Amino acid sequence: MEKSKSAPSPNSPRKTENAWGRGLKCGYGYTVHENASLLDRTTFRLPARAATLIDVHEFDAVPGLLAEAAQQNRDVLILGGGSNVLFTRDWPGVVLALRTRGLDIIEQHVADRVDDAALVRAAAGEIWDDFVHWTLAHGLCGLENLALIPGSVGAAPIQNIGAYGVEVGEFVDAVHAYDRSAGANVRLDHAACAFAYRDSLFKREGGRYLITAVDFLLPRERALRLDYDGVREELAAMGAGTPDARAVAHAISRVRTRKLPDPSTTGNAGSFFKNPVVSPGLAAALKREYPRLPLWPLPDGAIKLSAAWLIDACGFKGLRDGDAGVSGQHALVLVNYGGASGAQVWALAQRIQRTVLARFGVALEPEPLVV
Ligand SMILES: Cc1cc2nc3c(=O)[nH]c(=O)nc-3n(C[C@H](O)[C@H](O)[C@H](O)COP(=O)(O)OP(=O)(O)OC[C@H]3O[C@@H](n4cnc5c(N)ncnc54)[C@H](O)[C@@H]3O)c2cc1C
């Protein structure tokens, strides 16, 4: 077993005294902030506040904190890196921000399932992109196409993050979570996670599972996936003749940096809408009327449409309404130019939904959690 940082122990709750209910600012494994700004806690950088924000550094503190919140009859929201949340108002309850750390290779060779793969465990609070580079530095591949996605490891399974032809669910062996309904730690294997396009058991169960750690099964070698939007071109521009997984991660990071607005300068949550999935009949009718509309057939016969194309066709790309807007770089990305409120961003999102529905008969579903 290899250890690089403190080992996460997702299923070993320790009895901890919870001092938060007695008005203290910190206790074992957590720190409390009352009436806290969430502006720097989300990539939209909107001016919302949480009545109570608790940074959790040790998973063992979680059951006690949840019990205390329940006793105080206060709603709890889980926050990772805040890159997929839109706060349209203040949060009157408790925000638990997961900051737990730990990366381990828990099994070096899992040859019975995948030729020469390793089983890796990452704590929920690890930063996703740092984790991707850690796996690559350890000679493991699979996650290279998901480089530079903001956020935490714990949130990655929630919407089954995907980019450049890869979804994280492919590599998730199991998810360790605290089941708030049962009040117990659980281990959900790959099948139980029910991964789908930008979806999973965790998203469908809306807040029931607090993910504490994720196990990944990562091969040491695999065919690289390069057939997506300019990846080969970027590798060629980098002079990477025979690319490896690290070069792919680097190339994709370069493409993403060019294509997407940087949340550190322009607040955003990446793609604001999911690509809609429609019936073959509706897709065919739209294609007859709009021959340039991209269609992606799915294995079950349904058709995925490009939400960016639909939004662009309605003239929203680059539109600015006060300090809320649609990025000029990418029609799927709603942005905060600095002074927008969450309600303004949400009003613009709803306007886009209404317009696309009226023109194409297609409902757009938001990707982030809208609070
Ligand atoms: C510039 C930019 C580019 C992006 N590109 C992509 C992309 O290519 N592909 C993609 O799929 N996404 C993309 N995203 C969206 C986002 O980065 C991912 O969804 C990411 O996984 C969110 O992680 P987070 O830690 O920030 O989650 P948060 O925003 O903090 O939370 C998201 C949801 O997960 C829940 N949650 C968070 N942590 C936990 C936990 N430990 N246990 C239980 N629930 C939890 C929250 O309650 C919330 O419902 C992008 C975002 C930005 C800003």
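None of these values were measured; they are calculated from a predicted model. Ligands are counted one by one from 1 in listed order, and the atoms in each one are counted from 1 as well.
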task: Please identify which atoms of ligand 1 are closer than 4.0 Å to at least one heavy atom of Gly151.
output: 23 (O), 24 (P), 25 (O), 26 (O)
List the atom pairs, with distances to 0.1 Å, where a side-chain N or O of residues 272-283 and a protein N or O form a donor-acceptor pair under 3.5 Å, not counting sequence neighbours.
unit_1	atom_1	unit_2	atom_2	d
Lys274	NZ	Glu365	OE2	3.4
Asn275	OD1	Ala307	N	2.9
Ser279	OG	Leu282	N	3.2

- request: Consider every N or O of Thr43 and every N or O of ligand 1, then say whether any pair is closer than 3.5 Å.
  value: no
- prompt: Do we see a donor-acceptor contact under 3.5 Å between the side chains of His176 and Asp215?
  reply: yes
message: Side-chain heavy atoms nearer than 4.5 Å, only ILVMFWY residues, links allowed to pass through others: does that put Trp346 and Val335 together?
response: no
- prompt: Among Ile158, Leu369, Asn160, which one satisfies side chain to side chain contact (heavy atoms under 4.5 Å, CB included) with Lys203?
  reply: Ile158
query: Just by modelled atom types, is the Asp262 backbone N or O under 3.5 Å from a matching donor or acceptor in the Thr265 side chain?
result: yes
- prompt: Checking Arg121 against Phe216: charged group under 6.0 Å from the ring centre and within 45 degrees of the axis?
  reply: no
- line: of all protein heavy atoms, closest to atom 47 (O) of ligand 1 is Ile78 O, 2.6 Å
statement: For Ile149, the atoms of ligand 1 under 4.0 Å from one of its heavy atoms are 6 (C), 7 (C), 8 (O), 9 (N), 13 (C), 17 (O)
query: To the nearest 0.1 Å, how far is atom 8 (O) of ligand 1 from its closest protein heavy atom, and which atom is that?
result: Arg256 NH1, 3.0 Å
- request: Could you tell me whether Gln159 and ligand 1 have an N or O pair separated by under 3.5 Å?
  value: yes
field: Region of Leu79 that comes within reach of ligand 1 [heavy atoms, distance under 4.0 Å]
entry: both
statement: Numbered in order shown, the ligand 1 atoms found under 4.0 Å of a heavy atom of Ala163 are 8 (O)
Main-chain N/O of Pro92 paired with Asp90 side-chain donor or acceptor, under 3.5 Å: no
field: Numbering as shown, the atoms of ligand 1 that approach Gly162 to under 4.0 Å (heavy-atom distance)
entry: 7 (C), 8 (O), 9 (N), 10 (C), 11 (O)
- request: Indicate if Leu38 and Leu86 have the same hydrophobic cluster label, given that clusters are the connected sets of ILVMFWY residues with side-chain heavy-atom separations under 4.5 angstrom.
  value: no
task: Verify the contact flag for atom 33 (C) of ligand 1, where contact means a protein heavy atom under 4.0 Å away.
output: no
- prompt: Just heavy atoms, cut-off under 4.0 Å: does Tyr209 contact ligand 1 by side chain, backbone, both, or neither?
  reply: backbone
Test item: Asp173 side-chain N/O and Asp189 main-chain N/O as donor-acceptor pair under 3.5 Å: no
- line: For Tyr228, the other hydrophobic cluster members (4.5 Å side-chain criterion, sorted by chain and number) are Tyr164, Leu224, Leu226, Val231, Leu235, Met238, Val248, Ile252, Val255
query: Tell me, which protein residue and heavy-atom name are nearest atom 16 (C) of ligand 1, and how many Å apart are they?
result: Ser83 OG, 3.2 Å
task: For Gly82, take its heavy atoms, then give the atoms of ligand 1 lying under 4.0 Å from any of them.
output: 24 (P), 26 (O), 28 (P), 29 (O), 30 (O)
message: Looking at Glu68, is its backbone amide N or carbonyl O close enough to the side chain of Arg74 to form a donor-acceptor pair, meaning the two atoms are under 3.5 Å apart?
response: no
query: Gly81 to ligand 1: N or O pair under 3.5 Å?
result: yes
- prompt: Looking only at heavy atoms, is any part of Val85 under 4.0 Å from ligand 1, and if so is it the side chain, the backbone, or both, or is it neither?
  reply: both
field: Atoms of ligand 1 close to Ile161 [distance to a heavy atom under 4.0 angstrom, numbered from 1]
entry: 10 (C), 11 (O), 18 (C), 19 (O), 21 (O)
message: What I want to know is whether Pro150 and ligand 1 share at least one N or O pair that is separated by under 3.5 angstrom.
response: yes
task: Can you pull out the closest protein heavy atom to atom 49 (O) of ligand 1? Residue, atom name and distance to 0.1 Å, please.
output: Leu369 CD2, 3.4 Å
- request: For residues Arg220 and His109, report the shortest heavy-atom separation together with the two atoms involved.
  value: NH1-ND1, 3.8 Å
task: Tell me which protein heavy atom sits closest to atom 29 (O) of ligand 1, plus the residue, atom name and distance to 0.1 Å.
output: Asn84 N, 2.7 Å
Crowding at CZ, Arg204 (>12 non-hydrogen neighbours, <6.0 Å): yes
query: Crowded around Asn73 CG? As in, over 12 foreign heavy atoms under 6.0 Å?
result: no
message: Give me the nearest non-hydrogen protein atom to atom 44 (N) of ligand 1 as residue plus atom name, then the distance to 0.1 Å.
response: Ile158 CD1, 3.1 Å
task: For ligand 1, find out whether one of its N or O atoms is nearer than 3.5 Å to an N or O atom of Asn268.
output: no
- request: Return yes or no for this condition: an N or O of Ile211 is under 3.5 Å from an N or O of ligand 1.
  value: yes
- request: Taking only heavy atoms of Leu210 into account, list the atoms of ligand 1 that are under 4.0 Å away from them.
  value: 42 (N), 43 (C)
message: Is there a salt bridge (charged side-chain N to carboxylate O under 4.0 Å, His left out) between Asp55 and Arg41? Walk through the geometry before answering.
response: CA-CA 11 Å; Asp55 283 316; Arg41 300 293 188 127; 2.8 Å; yes
field: Lys203 near ligand 1 by a heavy-atom separation under 4.0 Å
entry: no
field: salt_bridge(Asp130, Arg101) N-O dist < 4.0 Å
entry: no
task: Using distance alone, decide if ligand 1 has a nitrogen or oxygen within less than 3.5 Å of any nitrogen or oxygen in Gly80.
output: yes
field: Shortest protein heavy-atom distance from atom 27 (O) of ligand 1, along with the residue and atom involved
entry: Ala155 CB, 3.3 Å
message: Out of all atoms in ligand 1, which are within 4.0 Å of some heavy atom of Gly270? Include the element for each.
response: 2 (C), 3 (C), 4 (C), 50 (C), 51 (C), 52 (C), 53 (C)
message: Test of understanding: given a 4.0 Å heavy-atom threshold, classify the contact between Ser152 and ligand 1 as side chain, backbone, both, or neither.
response: both
